Amino acid sequence: MPYPPGDPRISVINEAPPNPEGRIVLYWMVAARRTHDNPALSRALHHARTLRRPLVVFEPLRTDYPWASDRHHQFVVEGMLDNAGRLAGTPVYYYPYVELAPRAARGLLAALARDAAVVVTDRSPAFFLPRMLSAAVAHVPCRFEAVDGNGVLPLDAATRVYPTAYGFRRFLQRALPSVAGDLRRVPREDLRDLPPLSGSDRAWLGTITDRWPALVLDAEGASALVRTLPIDHVVRPGVQRGGPTAAQSALTRFLGDGLGRYATDRNHPDLDLTSHLSPYLHFGHIAATDVCRQVLAHAGWSGQMSGTAHGHREGWWGLDVNVEGFLDELLTWRELGLNAAAHLPGYDRYGTLPPWARDTLARHGADPRPYAYDLATLDAAATHDPLWNAAQRQLTTEGRLHNMLRMLWGKKILEWSPSPEAALEVMEHLNNRYAVDGRDPNSYAGIFWVLGRYDRAWGPERAIFGTIRYMSSANTARKVRVKQYLARYGADPSLLST
DNA sequence: ATCGGCTCGCGCAA
DNA sequence: TGCGCGAAGCCGAT
């Protein structure tokens with residue numbers, strides 16, 4: 001894909017020139033659902049100024065995607081209310097749209113794009129979004145660009161797939177100095193002094209919003225609305241509020257308590273000290289660059305990489321072990337997942353596991369399974385294993401799963417499923433159905449790690465797992481603190497989802 | 001409490 | 001070709 005010179009985040013989807021008859025510049029916001037630290041919004045603002053056209057920010061939410069539920073919809077709608085507040089009083093025309101019935105949005109993008117000078121959208125490498133972008137090409141007759149606001153490094157900074165975190169970390173340590181400047185400068189999208197909508201533009205937009213009404217809601221209205229949609233209502237909203245403002249609150253809380261003892265305490269489920277930023281990163285309510293910048297500023301970073309680390313987890317920023325530990329999660333592990341989604345065709349398919357992993361699992365495909373649970377039993381957290389059930393209940397009720405336990409959660413699903421392929425299907429389904437950050441490249445990296453991706457063989461060879469790393473609930477309970485966690489998620493049947 | 005062996009492939013040095 | 005090394009492990013020996 002060709003780039004305009006100098007910006008590896010921008011892909012030109014349709015090389016057509018800007019439509020000289022176009023009324024507006026359209027930003028079709030589908031992944032980076034925020035108004036701050038958003039390179040696609042910056043690009044759209046650039047076009048609006050250069051072409052002297054008003055900017056329309058169109059933020060839609062489809063109804064018919066897999067696993068759509070009250071949980072995901074509520075989170076996104078809360079973000080829309082937030083974005084509406086942030087754009088109120090600016091010359092930007094904000095158009096939030098929630099599809100009320102399957103296919104109701106058909107024709108909407110085309111109607112907006114027909115009279116646009118330029119269309120800018122988000123590049124997002126996973127789930128249905130790449131397909132949606134491909135399908136949209138036919139409906140955008142003018143210049144059409146997709147902008148990558150996913151990570152601290154552009155997706156295309158890496159030109160290959162990395163099979164290990166160690167290798168990817170080495171690459172990151174070489175590549176990050178080139179963006180170090182961005183990690184000190186706070187971007188300020190300037191929303192003032194844009195061309196305003198003319199009366200005729202407003203009349204034209206009115207014909208579109210008559211047919212596809214913009215979302216008009218307050219916070220209470222969000223939950224009432226999602227209940228009326230043809231989506232999965234069994235999955236109730238999670239415990240975290242959606243939107244950029246809630247995202248910043250979570251980050252501020254984490255900087256104050258959690259980051260300072262991240263290395264030592266984050267693995268204890270009882271303490272619950274992780275950042276809780278994943279759902280916000282997933283829906284683009286906060287930028288990874290923003291998180292990284294605030295963490296570095298909080299830690300008093302000098303602005304220089306140490307230059308001595310070659311793939312090792314610590315010692316590249318010259319910061320304390322807690323901060324470096326968190327940055328390794330945010331950068332190495334998160335961007336490793338993005339790397340696979342963007343560059344490994346079939347990143348979500350069993351066949352892309354490394355050969356040693358598929359071989360060893362295949363050799364043990366016929367091993368007897370002492371425990372065999374079907375999807376319904378797992379979904380209902382009704383196994384014989386109290387720690388696993390607790391983790392599953394946290395997932396179904398809260399929409400999140402503690403980092404330490406999510407690995408155990410997956411390993412047990414592998415152990416209890418008739419085949420590793422079936423285990424993958426179950427993990428994908430439960431994670432995508434219940435986790436607010438489900439369907440993220442990171443979710444897939446975690447699920448595939450359970451099956452051997454990014455990992456190495458571990459002896460001794462054992463039943464079902466072969467040489468895939470094994471984990472046991474008993475050892476996990478011995479190593480980390482789970483007593484309160486078990487009490488919190490352990491016994492109350494009213495927490496159970498049906 | 002700590003240690004080594006179990007086991008595999010990558011990437012770099014030589 | 002050899003060698004160091006790796007998201008969080010497990011288990012038995014000392």
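Note on naming: letters A, B, ... go to the chains in the order of the sequence lines (proteins, then strands), and numbering restarts at 1 for each one. Here the structure is a predicted model, which is why all the values come from computation and not from measurement.
Across all strands, A:R406 comes closer than 4.0 Å to no nucleic acid atom at all (heavy-atom distances). Residue A:T332 is out of contact with every strand shown, counting any heavy-atom pair closer than 4.0 Å. Using a 4.0 Å heavy-atom criterion, one finds that A:R160 contacts the sugar-phosphate atoms exclusively. Residue-level contact check: A:M471 touches the backbone only, with heavy atoms under 4.0 Å from sugar-phosphate atoms and none from bases. Heavy atoms of A:N267 sit under 4.0 angstrom from at least one base atom.
Under a cut-off of 6.0 angstrom, the local environment of CD in A:E425 is sparse, with at most 12 non-hydrogen atoms contributed by other residues, nucleotides or ligands.
Checked against the 6.0 Å centroid threshold, A:H384 and A:Y371 count as a close aromatic pair. No close placement of the A:W449 and A:Y454 rings is indicated, their centers lying 6.0 Å or farther apart.
The same atom, C1', is picked in B:dG11 and in C:dA8; the two are 24 Å apart, to the nearest Å. Taking atom P on both nucleotides, B:dC12 is separated from C:dA7 by 15 Å, rounded to a whole Å. On the P atoms, C:dC5 is 14 Å away from B:dA14, given to the nearest whole Å.
Side-chain atoms of A:N322 come within 3.5 Å of backbone N or O of A:Y262 as a donor-acceptor pair. Judged purely by atom type and a 3.5 angstrom limit, A:H285 has no side-chain atom pairing as donor or acceptor with the backbone of A:A247. Between the side chain of A:E78 and the backbone N or O of A:G242, at least one donor-acceptor pair lies under 3.5 Å.
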Polar atom pairs (N or O), protein with nucleotides 4-7 of chain B, under 3.5 Å:
| from | atom 1 | to | atom 2 | distance (Å) |
| --- | --- | --- | --- | --- |
| B:dC6 | O2 | A:G459 | O | 2.4 |
| B:dT7 | O4' | A:G459 | N | 3.4 |
| B:dT7 | O2 | A:A457 | O | 2.7 |

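C:dA7 atom P lies 12 Å from atom CE of A:M407, rounded to whole Å. The interatomic distance linking A:W409 (CH2) with C:dA8 (C1') rounds to 17 Å, in whole Å. We find that CZ of A:R469 is positioned 6 Å from C1' of C:dA7, with the value rounded to whole Å. Whole-Å rounding puts the A:D328 CG to C:dA7 C1' distance at 9 Å. When the P atom of C:dA7 is taken as reference, atom OH of A:Y166 falls 9 Å away, rounded to whole Å. Rounded to an integer number of Å, the gap from A:Q173 CD to B:dG11 C1' is 14 Å. At whole-Å resolution of the value, OH in A:Y454 and P in B:dG9 are 17 Å apart. The interatomic distance linking A:W449 (CH2) with C:dG6 (P) rounds to 16 Å, in whole Å.
Of the listed nucleotides (C:dC10, B:dC12, C:dA8), B:dC12 has the atom at the smallest distance from the side chain of A:R170. Minimum atom distance to the side chain of A:P163 is reached by B:dG11, of the listed B:dG11, C:dA8, B:dC8.
Looking at A:R481 and A:D265, no side-chain N of the basic residue comes within less than 4.0 Å of a carboxylate O on the acidic one, giving no salt bridge. With respect to the salt-bridge test (charged N to carboxylate O, under 4.0 angstrom), the residues A:R9 and A:D7 do not qualify. Salt bridge status for A:E398 with A:R393: absent, with no side-chain N to carboxylate O gap under 4.0 Å.
Contact annotation: A:N475 side-chain N/O to C:dC11 OP1/OP2 distance is under 4.0 Å. For C:dG6, neither phosphate oxygen OP1 nor OP2 lies less than 4.0 angstrom from any side-chain nitrogen or oxygen of A:T164.
Screening A:R169, A:R266, A:R334 against A:D328 for a salt bridge (Lys or Arg N to Asp or Glu O under 4.0 Å) leaves a single residue, A:R169.
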(message) Taking Watson-Crick (N1-N3 plus N6-O4 or O6-N4) and G-U wobble (N1-O2, O6-N3), each under 3.5 Å, can you produce the dot-bracket string of DNA chain C? Use [ ] for crossing pairs and | for inter-strand ones.
(response) ||||||..||||||
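By the 5.5 Å and 30° criteria, A:W333 is stacked with the base of C:dA7.
Cation-pi geometry between A:R160 and A:Y162 is satisfied (NZ or CZ under 6.0 Å from the ring centre, within 45° of the ring normal).
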